[in-house]
Amino acid sequence: MRQWLRRRVVARIAVGALTVGLSLLAGLAVFSSRSTDRAATTAAATQQVSQQWNEIYLKINLEYELLEDFLDTPNENGSQLLLSSIGSAEGNLRWLTANGVDDDRRQAQTLQNAYGGYTYTLRNLIDAVGDHDDARMLDFAEQAALSASALRRQASANVARNNLAIGVTLRVARDANAKILLAVEVISLADLALVLFCGLVLLTYQRRTERQAADNDYRASHDGLTGLANRRLLGEGIDQAITGADLEGHGVGLLLLDLNRFKEVNDTLGHHSGDLLLIEVARRLRASSRPTDLVARLGGDEFAILLPLIGAAEDLPDIAHRVLTDLCGPAEIGGLAVDITGSIGFAFYPGQSSNAEELLQHADIAMYHAKRNHLGAAPYDAENDRNSFEQLTLLADLRGAIDRDELELHYQPKIRVGGGGVAGVEALVRWRHPSRGLLGPGAFVPDAEQSDLMVPLTEAVLHLALRQQRTWREGGLDLPVAVNIGAACLREPGFPGRIADLLALYGAVDGQLTLEITETVLINDPKAVALALGSIRRQGVRVSIDDFGVGYSSMSYLQSMPLDELKIDRKFTMEIRSTDRGRAIVGAIVELAHALGLSVVVEGVEDQETLTEIGELGCELAQGYLMCRPLPAAEIPGWISAWRPSSPQLAG
Ligand code: C2E
Ligand code: MG
Ligand code: MG
């Protein structure tokens, strides 16, 4: 920036100096022509004066020669000739007296006087010759000779003086000219240097402007973080690819990719780590694509790969799965191992899509479908298109559904491992949709999480769960209930207060309500969350960490947060039987939880062996299809009375 400023200042100074230089040159040209004109005028005037003196000299000489001729042969003719020449220099002398300056005027006046005397002598001499007065004639002749000689000398001296003056004038003019010429040369050289410099500056500016334009163009079409093409360039690329495909008869494929759980990385490890992860994803996608493919980042954690040379739609699944395989896997981000996973949707032109816009839209629908159903990669399917439209309208309906009491809860029991009884139930929301039937939470909870509906939804569930618990209690069944709490709730300052109101409203018993929260909730603003949880626990409500182990959160919160329970995620449960690693992880979590005074629930127990294993690992509570799938409230008392710890196969 400073260098740019300096260059600008230098350029301005150069332009200023050039302007001054050119003005000087112009001034010099005017000055030079004026001084030349002045010198020429002076020289011309001096020349004219000199010419007058020359004429005077010649006329005096002529008069004297005529006098000598007349004296040699004094006759009438000689007398006439002499008489006509007498005073011939008078005109020149008068001119000099009138037009001459200083010396010339003075000399001319002096000469005029002497000339007057001379011409007078000549007339007297002619008279004396006419009178044949020899004595006077000789006298006047002598006087005339003397005067003529003096006059000639004077005239000659003046001629010489004037010639000298012309020489001086010319020399002065030449000197002045030489100086002007030198100045002109110096200034011209300086101006030339400045012109060259300005040209150079101009060229540099032009190059920079061109570079900047290219830079701007690049920035307008590329993602600043990853250097991949952006949405605009992808749009242009799709248009081009489609034109090419139409001409050459091949097809165009589009892969749209969205990272799974990227928000968690951002929230838990920070935006810098999020950026590093995106850069790593970009690197993997580039490495996984061909040079003819266009890899783009559309924003956030959404990427695309345009495949402009695809033979048939059938080629796409293999490519999409290969890209997914190349993409997924652990990455070291800021010293931590982060598991990268994503969902890919793909669409094909022509056939499936009829233009660029549709291709993009279809790939988007496919990606949404893949993500929602945890498919990894999924092709575009017109059926999903309809579903995705329905999905959009679903969220709009959800608000009304809460008010219309269309939500209902199913309950899944938690049992004590090792022969104990039922420890409680987890309330899991369902939506009895008027036209689409009973919808599981997967169909609407993730969307609600992204909207402002999560707090009203959670409050509705809390009402239902506590009301049901009261009903059971009134029927003689004391059953602890766990409710899943949306992340947005703990960010609501009034949430602990509302829990208190609900507990009072339904006369809940201490320790009979558990709130299940996910790890991510703890990481966003941990201080505020710890305060809210502390306040909730003081009301006799237990706090449980749901899906423990799948988030990117740090272990430190286990120590600092007010918690009661850990629920080990299904992902680990499934590995207990299959790998030693899975068993070791669950064992370690159980030990850690117990060391911190937390009870442990293992989720997703689907077989007897797993139940036995977790018992050996010291887990006290289990939940899973082995014991019971989530049931409507009405079926719970029956299931509980039928439950025999020794015969878990009884599970529904
Ligand atoms: P979650 O809280 O971890 O609930 C357990 C989920 O695992 C339930 O799915 C349950 O049916 C399922 N499950 C239980 N045992 C097994 C098993 O042995 N094998 C397998 N494969 N699955 C098992 P569901 O009801 O579809 O709920 C899914 C998720 O939706 C819940 O996970 C929870 O995160 C969320 N959810 C459900 N109800 C609510 C709610 O009222 N509020 C909020 N915020 N989230 C809810
Ligand atoms: Mg739960
Ligand atoms: Mg869970």
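Just so you know, ligand 1 is whichever comes first in the structure, and atom 1 is the first atom listed for that ligand.
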Which one of Gly624, Pro441, Gly442, Ala482 has a non-hydrogen atom at the shortest distance from atom 26 (O) of ligand 1?
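Looking at heavy atoms only, the winner is Pro441.
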Proximal candidate to atom 7 (O) of ligand 1 [heavy atom criterion; set Glu449, Glu603, Arg430, Arg570]:
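Among Glu449, Glu603, Arg430, Arg570, the closest heavy atom to atom 7 (O) of ligand 1 comes from Arg570.
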Heavy-atom nearest neighbour in the protein, as seen from [atom], with distance rounded to 0.1 Å:
atom: atom 42 (N) of ligand 1; answer: Asn484 O, 3.3 Å
atom: atom 18 (O) of ligand 1; answer: Tyr625 N, 2.8 Å
atom: atom 19 (N) of ligand 1; answer: Glu606 OE2, 2.5 Å

Which of the N/O/S atoms in Glu516 sits closest to the Mg ion (ligand 2)?
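It is OE1, the N, O or S atom of Glu516 closest to the Mg ion (ligand 2).
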Does a donor on one side chain sit under 3.5 Å from an acceptor on the other, for Gln623 and Glu426?
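Yes, a side-chain donor-acceptor pair sits under 3.5 Å.
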Within the protein, is there a heavy atom lying under 4.0 Å from atom 1 (P) of ligand 1?
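So far as the 4.0 Å threshold goes, atom 1 (P) of ligand 1 is in reach of a protein heavy atom.
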Specify whether the nearest protein heavy atom to atom 24 (P) of ligand 1 is under 4.0 angstrom away.
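It does; a protein heavy atom is within 4.0 Å.
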Taking a cutoff of less than 4.0 Å between a non-hydrogen atom of the residue and any ligand atom, is [X] in contact with ligand 1?
X: Glu426; value: yes
X: Met454; value: yes
X: Gly440; value: no

Would a 4.5 Å heavy-atom cut-off, applied to side chains only, mark Pro413 and Trp639 as touching?
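When only atoms from C-beta onward are counted, Trp639 and Pro413 do touch, with a gap below 4.5 Å.
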Is it the side chain, the backbone, both or neither of [X] that has a heavy atom closer than 4.0 Å to ligand 1?
X: Val605; value: backbone
X: Asp546; value: side chain
X: Val461; value: side chain

Is it true that Arg537 and Asp564 make a salt bridge, defined as a side-chain N closer than 4.0 Å to a carboxylate O?
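Between Asp564 and Arg537 there is a salt bridge, with a charged N closer than 4.0 Å to a carboxylate O.
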With nothing but distance in play, are any N or O atoms of Ala427 less than 3.5 Å from an N or O of ligand 1?
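No, Ala427 has no N/O under 3.5 Å of an N/O on ligand 1.
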Ignoring angles and geometry beyond distance, decide whether Gln412 reaches within less than 3.5 Å of ligand 1 through its nitrogen or oxygen atoms.
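Between Gln412 and ligand 1 (N or O atoms, distance only) the closest approach is under 3.5 Å.
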Give the atom numbers and elements of ligand 1 that come within less than 4.0 Å of a heavy atom of Pro630.
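Those atoms are 11 (O).
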Compute the angle centred on the Mg ion (ligand 3) spanning OD1 of Asp547 and OE1 of Glu603, and express it rounded to 10 degrees.
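The angle at the Mg ion (ligand 3) comes to 80°, rounded to the nearest 10°.
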Flag if over 12 foreign heavy atoms under 6.0 Å of NE2, His272
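Not buried by this count: 12 neighbours or fewer within 6.0 Å.
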Flag Asn484 as yes if one of its N/O/S atoms falls below 2.8 Å of the Mg ion (ligand 2), otherwise no.
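So Asn484 does bind the Mg ion (ligand 2) by this criterion.
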Could you confirm whether Asp546 has any N/O/S atom lying under 2.8 Å from the Mg ion (ligand 3)?
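For Asp546, the answer is yes, given that an N, O or S atom comes within less than 2.8 Å of the Mg ion (ligand 3).
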Geometric cation-pi criterion, Arg498 with Phe495: 6.0 Å, 45°:
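Checked: cation-pi criterion not met.
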